[in-house]
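This report refers to the structure that appears directly beneath it.
Indexing begins at 1, ligand by ligand and atom by atom, following the structure's order. As a basis for the values below, the full set of heavy atoms in this structure was taken, side chains included, without hydrogen atoms, waters or symmetry mates.
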Amino acid sequence: MLETEQIEYEKCVLVGVTTRHQNEDKMNEYLNELEFLAYTAGGEVTKRFTQKLDMPNPKTFLGSGKMEDVKAYVDQHDIGTVIFDDELSPGQQRNIERLLECKIVDRTYLILDIFAQRAQTSYARTQVELAQYQYLLPRLTGLWTHLERQRGGIGMRGPGETEIETDRRIVRDRITLLKGKMKTIDKQMSVQRGNRGSLIRVALVGYTNVGKSTLMNALSKSEVFAENKLFATLDTTVRKVVIGNLPFLLSDTVGFIRKLPTQLVDSFKSTLDEVREADLLLHVVDIAHPQFEDHIASVNKILDEIKSADKPVLMVFNKIDVYVPETYDEDDLMIERKGVHYSIEEWKQTWMARTNGDSIFISALNKDNFETFRQKVYERVREIHITRFPYNNFLYPEYEEGF
Ligand SMILES: Nc1nc2c(ncn2[C@@H]2O[C@H](COP(=O)(O)OP(=O)(O)OP(=O)(O)O)[C@@H](O)[C@H]2O)c(=O)[nH]1
Ligand SMILES: [Mg+2]
């Protein structure tokens, strides 16, 4: 089990730039998330370096002066890994690595590394391995090769460790092989999904760490692994859930994140098919997270990419038990009252009012408002059910009549 595993945290630093498109507040939010990712991968962040640039330096990401600062810090504090918030080009990666003489990991590779660490089934491992090879292919030349003494740790799980020096042809062969394997798996999965008969399919979707697995457990009395780290879930779990007398299938799957690497979206096709083929999506949101609106936008963007944006959705605002609005001093003219100051009641009057009752506020952990939530899910599933099977609608009464 991951929880009992003794993790030795590896010291690392974060690097990000503020640009015209990305102000300082945004930068800090992104770096907070990057720090959480680093922590999930087994890293302890000891310092952040940021710089204001029109655009990242094409050769070294940061300017050369700033890079010297990073180098001095890395040498002085025995830092194992430097993590960049954006995807580095193969050239940038090489240059920086030569300069800093430690592991250089970008956001994409960090996410791939966490996926590799989390993958439990051979199916998930195949998907992650494929994504990692696709990421590595253009970056093969000399990456980290002189770092023999540093084995294991962040960025060293999966193909990065042993295959780094092998030539591109071998990697391409491996990609072809894995793609073949995925095709077989995809076929099996699709047959399995086809065998589930006529039950309505509901999929939990949402940003990572919002409480999807917790909600799954609460609804279905199953034991899906939930943890306060990112990407606790990689494999899809499907459970039959019965509310009242109405059975349906509920699936819990991988969480989304801002800038989810495209390699992962591609290779997790089969996992994401669960979402693609669902009749109803429960879009779970962590309303206690200060950036929850950005999270919703990221999730919607990915849903769009996997052609699932027009499905019926129930917005589930979770973690109301820990939602605390920031205090607002009306006398302070410098402070503008905005979302972070709203109470939940006020939030309901915002754009959320336009979801036409297709939203619900709950705590999956404490089961606050859970009965209303179950009722809402029942109604939505029933609606789909009687549209699809009009001849047996007498089986499923209105929620109140029935119970
Ligand atoms: N306070 C509070 N915490 C919650 C609630 N729901 C879930 N959590 C916590 O949030 C963390 C993440 O929960 P998960 O259920 O693993 O979230 P997930 O969306 O499945 O995450 P990934 O699988 O990593 O994408 C855990 O520590 C949960 O205990 C809630 O309603 N209130
Ligand atoms: Mg989960």
Original post:
Is Asp273 salt-bridged to Arg276, going by a charged N under 4.0 Å from an acidic O?
Top reply: yes
Original post:
Does Ala364 come within less than 4.0 Å of ligand 1, judged by its heavy atoms?
Top reply: yes
Original post:
Under 4.0 Å from ligand 1, counting heavy atoms only, is it the side chain of Asp321, its backbone, both or neither?
Top reply: side chain
Original post:
Do any N or O atoms from the side chain of Asp106 and from the backbone of Tyr109 form a donor-acceptor pair under 3.5 angstrom?
Top reply: yes
Original post:
Where is the nearest protein heavy atom to atom 29 (O) of ligand 1: which residue, which atom, and how far?
Top reply: Leu365 CD1, 3.8 Å
Original post:
Any N or O of Asn366 that comes nearer than 3.5 Å to an N or O of ligand 1?
Top reply: no
Original post:
Going by the atom numbers of ligand 1, which of them fall below 4.0 Å from some non-hydrogen atom of Gly255?
Top reply: 25 (O)
Subject >> Six-ring centre of Phe248, Lys240 cation under 6.0 angstrom, axis tolerance 45° >> reply: no
Original post:
NZ of Lys59: more than 12 outside heavy atoms within 6.0 angstrom?
Top reply: no
**OP:** Decide, yes or no, whether a salt bridge links Arg239 with Asp252 under the criterion of side-chain N to carboxylate O below 4.0 Å.
**Re:** no
Original post:
Any N/O of Val210 closer than 3.5 Å to an N/O of ligand 1?
Top reply: yes
Original post:
Which ligand 1 atoms are under 4.0 Å away from a heavy-atom of Val322?
Top reply: 1 (N)
Subject >> Numbering as shown, the atoms of ligand 1 that approach Ser213 to under 4.0 Å (heavy-atom distance) >> reply: 15 (O), 18 (P), 20 (O)
**OP:** With atom 11 (C) of ligand 1 as the reference point, say which of Thr40, Val205, Asn209 has the nearest heavy atom.
**Re:** Asn209
Subject >> Salt bridge present between Glu379 and Arg382 (N-O < 4.0 angstrom) >> reply: no
Original post:
Quick one: which of Lys319, Arg118, Glu227 has a heavy atom closest to atom 5 (C) of ligand 1?
Top reply: Lys319
Subject >> Interfacing atoms of ligand 1 (cut-off 4.0 Å, heavy-atom, Asn228) >> reply: 26 (C), 27 (O)
**OP:** Considering only non-hydrogen protein atoms, determine which one is nearest to atom 24 (O) of ligand 1 and report residue, atom name and distance to 0.1 Å.
**Re:** Ala232 N, 2.7 Å
Subject >> Proximity of Phe317 and Phe361 rings by center, below 6.0 Å >> reply: yes
Original post:
Can you check whether Tyr39 and Tyr9 have ring centres sitting under 6.0 Å from each other?
Top reply: yes
Subject >> For Thr208, the ligand 1 atoms whose distance to one of its heavy atoms is below 4.0 Å >> reply: 22 (P), 24 (O), 25 (O)
Original post:
Within 45° of the axis and under 6.0 Å from the centre of the six-membered ring of Tyr73, does NZ or CZ of Lys71 qualify?
Top reply: no
**OP:** Any atoms of ligand 1 less than 4.0 Å from a non-hydrogen atom of Lys212? List them with their elements.
**Re:** 15 (O), 17 (O), 18 (P), 19 (O), 20 (O), 21 (O), 25 (O)
Original post:
So which heavy atom in the protein is nearest atom 13 (O) of ligand 1, and how far is it from that ligand atom?
Top reply: Thr214 OG1, 3.5 Å
Original post:
Does any N/O atom on Gly211 come nearer than 3.5 Å to any N/O atom on ligand 1?
Top reply: yes
Subject >> Protein contact to atom 6 (N) of ligand 1 [nearest heavy atom, distance to 0.1 Å] >> reply: Asn318 ND2, 3.2 Å
Original post:
What's the shortest distance from atom 23 (O) of ligand 1 to any protein heavy atom, and which residue and atom give it?
Top reply: Thr233 OG1, 2.8 Å
**OP:** Could you pull out the closest heavy-atom pair between Phe370 and Ala218, with the gap in Å?
**Re:** CZ-CB, 3.5 Å
Original post:
Should Leu230 be counted as touching ligand 1, given the test is an N or O pair under 3.5 Å?
Top reply: no
Subject >> Gln291/Glu29 under side-chain hydrogen bond (donor to acceptor under 3.5 Å, both in side chains): CA gap, chis, key distance, verdict >> reply: CA-CA 8 Å; Gln291 275 80 53; Glu29 288 161 15; 3.1 Å; yes
Subject >> Residues, nucleotides or ligands: over 12 heavy atoms within 6.0 Å of Lys348 NZ >> reply: yes
Original post:
Which atoms of ligand 1 have any heavy atom of Ser363 under 4.0 Å away?
Top reply: 30 (C), 31 (O), 32 (N)
